[in-house]
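Everything on this sheet refers to the single structure shown next.
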Protein chains: 2
Amino acid sequence: MLPEEILTNDHEQLARFAKALGHPVRVYIMELLSTQTCCFSGDLADDLPIARSTLSQHLKELKAAGLIQGTIEAPKIRYCINRENWKKATLLFGQLFKANPLVNEECK
Amino acid sequence: MLPEEILTNDHEQLARFAKALGHPVRVYIMELLSTQTCCFSGDLADDLPIARSTLSQHLKELKAAGLIQGTIEAPKIRYCINRENWKKATLLFGQLFKANPLVNEECK
DNA sequence: TTCTTATTTCGCAAAAATACGAAATATATT
DNA sequence: AATATATTTCGTATTTTTGCGAAATAAGAA
C-alpha cells in the first residue's frame with residue numbers, strides 16, 4: 001500500500017503544464033501548433049513583438065515541459081506539438097475542469 | 001475595425017489562469033474546491049506540507065487570478081471557487097485543447 | 001572555403017515567485 | 001477587558017522568470 005500523498009504526481013504534472021502555459025506568448029504558440037500546423041521559430045518571430053532570443057527561451061520552456069518538439073530542417077528548425085504529452089495535458093486539464101457537482105449551488 | 005492584435009485578451013486571460021495553476025499546491029486547492037466543497041484555510045494547512053503563511057500567499061494568488069473567493073466566517077475564512085471565472089477558464093482551456101485537426105497525422 | 005540564413009546560447013539586469021517565521025489583525029469567547 | 005483562535009501581512013532570503021543584445025552555432029549556398 002502506497003503512502004497517502006497529498007500532492008500527487010498528477011498535481012505536479014498538471015502544474016508543470018499549467019506553468020508552461022502561464023505566459024501569453026506560450027499560449028499563442030501552443031494555440032497555433034494545436035490548430036494549424038507545425039511552424040518555424042522565424043515565422044513566430046516575425047509576428048511576435050519580442051526578440052528572437054526571447055522567443056527561443058519560450059520555445060525552450062515549452063520543450064522542457066514536453067509540450068513541443070523540434071526537428072532540424074536546416075537551416076531552420078521545425079517545431080511541432082508533442083502529441084503524447086498534449087494528450088496527457090488534455091486529460092489532466094479535462095479532469096480538473098469537468099467535475100463540478102456544485103454547479104447550481106451557492107457556496108454554503 | 002480593430003487592429004489585428006497577435007496577443008489577444010484571451011491569450012492574456014488564459015495565461016493568467018494557467019499561471020495561477022502553475023504550482024502543485026494551487027492545483028490541489030482548485031481540485032478540492034471544484035470537486036468537493038468550500039473549505040477553510042486551516043483545513044488545507046493541516047494537510048499541506050507548507051507554512052500557513054505560504055498557503056496564505058497561494059490563496060492570495062488564486063484570488064488575484066479570480067479563481068477563488070473568500071467569505072468571512074469568523075474567526076475563519078471560507079474559501080470557495082469563483083464559478084463565473086472557473087467557467088471562463090473551463091471555456092478557454094477547452095478551446096485550446098479541443099481543436100486538434102492533425103491528431104492522426106505525423107508532423108510533416 | 002567563404003558567405004548567408006536561422007536559431008540558439010551567453011551574459012547580464014530587472015522583476016516576480018517561493019518560502020519561512022514573527023508580528024499584526026480580526027473576531028469570537030471568557 | 002483579556003484571552004484564544006484563525007488567518008493574513010511583513011520582512012527577508014533565495015530562486016526563477018523574463019527580456020535584451022551580442023556572440024556562437026549549424027548547415028546550406030555561392
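Chain identifiers are assigned alphabetically (A, B, ...) following the order of the sequence lines, protein sequences preceding nucleic acid strands; residue numbering begins at 1 within each chain. Everything numeric in this text was worked out from a predicted model, so none of it was measured.
Closest approach to the Glu61(B) side chain among dT18(C), dT8(D), dT5(D) is made by dT18(C) (side chain taken as heavy atoms from C-beta onward). Residue Ser41(A) places its side chain closer to dT8(C) than to any other of dT8(C), dT7(D), dA6(C). Comparing dT8(C), dC10(C), dT18(C) by their nearest atom to the side chain of Gln57(A) picks out dC10(C).
With values rounded to the nearest 0.5 angstrom, Arg52(B) atom CZ is found 10.0 Å from Leu44(B) atom CG. To the nearest 0.5 Å, the span separating CG on Leu67(A) from CE on Met30(A) amounts to 4.5 Å. Rounded to the nearest 0.5 Å, atoms NZ (Lys98(B)) and OG1 (Thr35(A)) are 13.0 Å apart. Rounding to the nearest 0.5 Å gives a distance of 11.0 Å between CZ of Arg83(A) and OG1 of Thr90(A). Note that CD of Gln13(A) and CG of Leu91(A) are 11.0 Å apart. Values are rounded to the nearest 0.5 Å.
In this entry the distance linking CD1 of Ile77(A) with C1' of dA26(D) reads 9 Å, nearest Å. Atoms CD (Glu12(A)) and C1' (dT18(C)) sit 14 Å apart, rounded to a whole Å. One interatomic measurement links the two molecules: OH of Tyr79(A) to P of dA6(C), which rounds to 15 Å at whole-angstrom precision. Atom CD in Glu73(B) sits about 15 Å away from atom C1' in dA26(C), given to the nearest Å. The CG atom of Leu48(B) sits 14 Å away from the C1' atom of dA19(C) (whole-angstrom rounding). Regarding Arg78(A), its CZ atom lies at a distance of 17 Å from the C1' atom of dA27(D), rounded to whole Å. Atoms CD1 (Ile72(A)) and P (dA26(D)) sit 9 Å apart, rounded to a whole Å. Going from atom NE2 of His23(B) over to atom P of dT16(D) covers 12 Å, rounded to whole Å.
Leu55(A) comes within 4.0 angstrom of no nucleic acid atom, judged by non-hydrogen atoms across all strands.
Residue Ser53(B) places no side-chain N or O under 4.0 Å from the OP1 or OP2 atom of dA22(C). Applying the 4.0 Å criterion to OP1 and OP2 of dA17(C), one finds that His58(B) has every side-chain N and O outside that range. For Ser56(B), a side-chain nitrogen or oxygen approaches OP1 or OP2 of dT8(D) to under 4.0 Å. For the OP1/OP2 pair of dA23(D) and a distance below 4.0 Å, the side-chain nitrogens and oxygens of Arg52(A) include no atom meeting the criterion. Contact annotation: Thr54(B) side-chain N/O to dC20(C) OP1/OP2 distance is under 4.0 Å.
Nucleotides of DNA chain D nearest to Ala51(A) and Lys76(B) differ in position, and the one nearer the 5' end is that of Lys76(B). Of the two residues near DNA chain D, Val25(A) and Leu59(B), the one whose nearest nucleotide lies more 5' is Leu59(B). Sequence order on DNA chain C of the closest nucleotides to Asp43(A) and Lys19(A) puts Asp43(A) first from the 5' end. For the pair Arg26(B) and Ala45(A), both in contact range of DNA chain C, the more 5′-proximal nearest nucleotide belongs to Ala45(A).
Residues Phe97(B) and Phe93(A) bring their aromatic ring centres within 6.0 Å.
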